[in-house]
Amino acid sequence: MASTIQQQLTYHTKQAVKEIYGADLPDNQITIQETRKEFDGQLTVVVFPITRFSRKSPEATGNDIGAYLLRQLPELTAFNTIKGFLNLSLSDAYWTSLFTTAVMHEKFGRFPANGHKLMVEYSSPNTNKPLHLGHIRNNLLGYSVASILAAYGYEVIKANLVNDRGIHICKSMLAWQRWGNGETPGTSGMKGDHLVGKYYVLFDKEYKKEIDELRAHGHTEDDAKKQAPIIREAQQMLQRWEAGDEEVIALWKTMNGWVYDGFAQTYGRLGVDFDKYYYESDTYLLGKDIIQEGLEKGVFFRKPDNSVWIDLTADGLDEKLVLRGDGTSVYITQDMGTAQLKYDDFGMDESIYVVGNEQDYHFKVLFLILEKLGKPWAKGLFHLSYGMVDLPSGKMKSREGTVVDADDLMDEMVTTARKRTEELGKTEGLPEPEKAALYDIIGMGALKYFLLKVEPKKRLLFDPNESIDFQGHTGPFIQYTHARIQSVLTKGGYTQQQAIVVPEVLTESERDLIQLLSNYPATVEAAAKEFSPAYVANYGYEVAKQYNKFYHEETILKASDEAVRNFRLHLSATTARIIASAMALLGIAVPDRM
RNA sequence: GCGCCAAUAGCUCAGCUGGAUAGAGCAACGGUUUUCUAAACCGUCGGUCUCAGGUUCGAAUCCUGAUUGGCGUACCA
């Protein structure tokens with residue numbers, strides 16, 4: 001692959017410093033950035049670091065280097081130095097050639113396979129309640145990061161570790177047994193996960209009531225929480241589950257089945273999928289052989305009560321329990337075992353856990369332990385920690401019913417999309433099924449973009465009273481730009497096969513658009529390295545915005561010159577393709593009309 | 001107490017490994033359509049980048065300390 005203009009500029013700037021000032025300029029001293037709009041040129045070399053070697057003013061140095069570069073690089077047409085910034089103008093021939101040889105290419109922005117395998121574990125729901133807005137963020141992040149890494153050349157495995165057992169599941173089961181009267185999704189008309197969630201909430205109500213009663217009779221809060229009859233019953237149910245009690249297992253299977261049906265619907269609407277499911281009911285006993293291994297290696301130690309610990313105080317952390325005195329697992333025991341299992345199954349080079357930032361400490365400890373155990377794959381583990389989605393009233397809590405339900409929110413988004421679109425009269429004459437599909441694309445696009453445009457680690461505020469926007473820096477804005485381009489292409493009779501003719505001279509908005517489009521691969525790369533879909537989201541917005549500017553400034557179909565018309569159609573088509581490609585990395589569909 | 005994370009316009013957010021006068025959107029106000037989709041475009045208004053020091057030719061960005069907020073520090077998951 002030919003070297004980029006940035007690489008050439010770096011090289012020749014070094015040469016210039018060597019020839020003119022007789023000094024070696026280290027690579028990290030060379031900064032090349034895009035020229036700010038208010039100045040002439042497209043690329044800028046920052047000359048301050050060079051003045052150390054030139055012993056001249058920034059302006060004089062810039063002029064020296066600029067003159068040298070102008071002689072060496074035929075792509076350059078002019079330069080100017082302002083306050084220590086050497087602004088370079090590249091010829092229109094350079095930009096059009098960049099466009100036809102690279103940007104226009106079908107696979108522009110997709111990297112060749114790099115031979116590395118990577119797992120993204122995300123979603124990982126509990127099967128005792130429906131998904132809420134926080135889960136949507138998790139799912140979209142996981143799906144998008146997986147797509148971005150695949151585009152960057154990884155072989156990606158999407159995994160979902162389902163938390164399908166434990167005391168929280170037994171709570172729903174017990175409440176259903178007690179108050180359900182045999183209610184099923186079929187008899188109630190409720191989506192399975194919502195039905196099960198209803199009983200989880202009922203359990204909690206009863207539990208709270210019992211706690212209050214006990215406290216009224218003089219128990220301490222801690223004691224009341226342990227002694228409440230209903231929680232004891234749930235614990236007994238968990239023991240029966242672990243003992244393989246047929247009745248409990250049957251109920252567990254039935255109710256989990258309802259939940260899975262519900263989740264499948266929600267996942268389908270979200271457009272996320274998985275290559276591999278792990279179930280905690282299969283993995284919760286794993287990890288004990290690793291405990292043994294750690295004891296033998298002297299990484300772990302046993303306390304008199306028979307519990308097993310690791311001392312991480314030397315690493316600035318605490319002592320951490322890894323196995324209970326009675327020999328049963330804790331959370332981290334399972335996670336050690338599951339990490340080993342996943343590696344044994346796939347042998348991946350890297351493994352990303354998409355989990356909320358409340359578990360930062362847990363993963364820090366987990367990764368450190370695996371490293372101390374000498375697992376060669378431990379250094380490939382990464383916790384993609386994201387911020388919680390908060391409501392104005394604070395954190396969402398399923399037990400207390402203060403959540404924004406995933407299904408409700410999606411319904412609302414699609415309904416709003418329908419309303420907005422019909423107000424604008426955009427879909428008159430369209431058959432109903434097509435309308436419905438379009439509203440789904442727009443509503444989901446608004447929601448997904450809203451969640452993905454924000455840097456993952458930042459927490460997100462969602463105000464249910466303020467609807468998610470459809471104008472400005474939003475998904476629908478980008479979708480609209482795509483639809484608008486498709487409309488122009490259709491009217492212009494454009495086909496991809498048409499040979500491209502390039503004009504001699506570009507307008508500023510054409511040049512800016514080409515330059516922006518040419519940044520697509522670098523954006524994908526940055527997003528992949530930082531595991532941040534936000535880069536791609538914001539890039540898509542920039543492209544749409546720049547295209548709209550171009551669209552308003554120039555006429556396409558009625559361009560005076562046939563070559564210009566042809567070129568602008570190709571430029572539009574390429575813009576649409578890159579928008580569609582970038583949005584696909586976010587799991588956002590783009591319509592051909594809206 | 002200790003640890004991790006965040007703090008940028010009234011609100012929601014960008015700002016890449018330090019680089020020019022800190023940028024978008026929303027909200028408010030004004031303008032643009034007999035011409036390719038006005039979910040658009042252009043303009044006005046809006047900032048002591050939480051504070052105080054430090055490093056540097058240069059700091060929203062790096063370092064130290066404080067303040068505020070979130071999370072964690074469970075033999076819960």
Side-chain angles (χ1 to χ4, degrees), chain A residues 28 31 33 35-36 38-39 44 46-49 51-52 58 82-85 87 124 126 163 165-168 280 284 305 307-309 316-318 320-326 328-332 334-335 356-362 364-365 385 387-388 390 394-395 417 420-421 423-424 426 442 446 450 453-455 457-463 466 468-481 483-492 522-523 526 529-530 534-535 537-538 541-542 544-545 547-549 551-559 565 568-569 572 593-594:
Chain A
N28 62 13
T31 309
Q33 56 191 32
T35 306
R36 299 186 68 132
E38 56 269 38
F39 303 104
T44 295
V46 181
V47 302
F48 295 104
T51 55
R52 271 179 54 214
I82 296 167
K83 289 166 65 180
F85 294 90
N87 302 320
S124 307
N126 290 327
N163 291 305
R165 53 135 254 139
I167 189 73
H168 50 292
E280 204 191 296
Y284 81 105
D305 71 351
S307 59
V308 180
W309 297 72
L317 305 173
D318 306 305
K320 183 84 186 169
L321 176 93
V322 292
L323 194 72
R324 293 191 185 100
D326 63 6
T328 57
S329 303
V330 289
Y331 181 37
I332 203 154
Q334 296 173 37
D335 264 8
N357 63 8
E358 55 200 350
Q359 295 197 35
D360 284 357
Y361 186 75
H362 170 75
K364 199 187 254 189
V365 169
S385 160
M388 297 288 105
D390 291 325
K395 202 179 169 179
R420 298 295 295 268
T421 309
E423 273 166 14
L424 292 168
K426 298 264 191 174
I442 297 171
F450 174 80
K453 76 170 176 182
V454 181
E455 196 64 30
K457 74 175 167 188
K458 294 210 178 175
R459 53 192 267 262
L460 203 68
L461 187 79
F462 177 79
D463 187 345
E466 280 179 41
I468 292 174
D469 280 326
F470 285 69
Q471 281 170 9
H473 189 179
T474 67
F477 170 84
I478 299 168
Q479 292 173 321
Y480 168 76
T481 307
R484 175 185 243 185
I485 293 173
Q486 294 309 324
S487 167
V488 177
L489 295 180
T490 307
K491 288 195 175 152
T523 304
K529 286 184 171 167
E530 304 281 322
Y535 284 94
N538 287 307
Y541 173 67
E542 296 290 325
K545 205 171 146 61
Y547 181 84
N548 282 322
K549 190 184 173 75
Y551 179 91
H552 275 270
E553 285 178 7
E554 316 298 344
T555 136
I556 299 166
L557 298 179
K558 291 182 179 164
R565 181 181 191 272
R568 286 181 182 164
L569 281 170
S572 298
R593 66 170 280 189
M594 70 182 271

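For clarity, every value in this text was computed on a predicted model and none was experimentally measured. Each chain gets a letter, A, B and so on, in the order the sequences are listed, and its residues count up from 1.
The side-chain ring of A:Phe39 is stacked on the base of B:rA20, judged by centre separation under 5.5 angstrom and plane angle under 30 degrees. Put simply, A:Phe85 rests on the base of B:rA20: the two rings are less than 5.5 Å apart at their centres and nearly parallel, under 30°. For B:rA39, the base is not stacked against the aromatic ring of A:Phe477, per a cut-off of 5.5 Å between centres and 30° between planes.
If you check every strand for non-hydrogen atoms under 4.0 Å, A:Asn87 touches a base. Across all strands shown, A:Met594 has heavy atoms under 4.0 Å from base atoms, whether or not it also approaches the sugar-phosphate. Nucleic acid contact for A:Glu554: base, since at least one base atom lies under 4.0 Å from a heavy atom of the residue. Using a 4.0 Å heavy-atom cutoff across all strands shown, A:Leu461 reaches sugar-phosphate atoms only and no base atom. Residue-level contact check: A:Ala534 touches neither bases nor backbone, having no heavy atom under 4.0 Å from any strand. The residue A:Lys426 sits close to a base: some heavy atom pair falls under 4.0 Å. Residue-level contact check: A:Pro49 touches the bases, meaning some heavy atom is under 4.0 Å from a base atom. Heavy atoms of A:Tyr551 sit under 4.0 angstrom from at least one base atom. Within 4.0 Å (heavy atoms only), A:Glu530 reaches no atom of the nucleic acid at all. Using a 4.0 Å heavy-atom distance criterion, A:Glu455 is classed as a sugar-phosphate-only contact. Looking at heavy-atom distances under 4.0 Å, A:Arg593 makes contact with a base.
Distances shorter than 4.0 Å separate none of the side-chain N or O atoms of A:Lys457 from OP1 or OP2 on B:rC4. When the side-chain nitrogen and oxygen atoms of A:Lys364 are compared with OP1 and OP2 of B:rG3, none of them lie within a distance under 4.0 Å. An OP1 or OP2 oxygen of B:rC76 is reached within less than 4.0 angstrom by a side-chain nitrogen or oxygen of A:Arg324. Under 4.0 angstrom from either OP1 or OP2 of B:rA14 there lies at least one side-chain N or O belonging to A:Lys458. At the phosphate of B:rA38, OP1 or OP2 sits under 4.0 Å from a side-chain N or O atom of A:Arg484. When the side-chain nitrogen and oxygen atoms of A:Tyr480 are compared with OP1 and OP2 of B:rA39, one or more of them lie within a distance under 4.0 Å. Close to B:rG25, at under 4.0 Å from its OP1 or OP2, lies a side-chain N or O of A:Lys545. OP1 or OP2 of B:rC36 has not a single side-chain nitrogen or oxygen of A:Arg568 nearer than 4.0 Å.
Distances were taken from every side-chain heavy atom of A:Asn548 (C-beta onward) to each of B:rA40, B:rG25, B:rC75; the shortest belongs to B:rA40. Closest contact between the side chain of A:Val454 and the listed nucleotides B:rA24, B:rA77, B:rC13 involves B:rC13. Of the candidate nucleotides B:rU21, B:rC75, B:rG72, B:rC75 has the atom nearest to the side chain of A:Trp309. Comparing B:rA7, B:rA40, B:rG15 against the side chain of A:His552 picks out B:rA40 as the nearest. Side-chain atoms of A:Arg36 lie closest to B:rA22 of the nucleotides B:rC13, B:rA22, B:rC75.
The partner of B:rU64, taking Watson-Crick or G-U wobble pairs whose two distances both stay under 3.5 Å, is B:rA52.
Judged by atom type and distance alone, A:Thr44 reaches the base of B:rA20 through a side-chain donor-acceptor pair under 3.5 Å. Scanning atom types as modelled, one donor and one acceptor separated by under 3.5 angstrom connect the side chain of A:Thr421 and the base of B:rA39. Between the side chain of A:Asp305 and the base of B:rC75, at least one donor-acceptor pair of N or O atoms lies under 3.5 Å. At a cut-off of 3.5 angstrom, counting only N and O atoms as typed in the model, there is no donor on one side facing an acceptor on the other between the side-chain of A:Asp469 and the base of B:rA39.
Here the separation of B:rA7 from B:rC13, taken at their P atoms, is 11 Å to the nearest Å.
In this structure, the side chain of A:Thr328 does not engage the main chain of A:Arg324 through any donor-acceptor pair within 3.5 Å.
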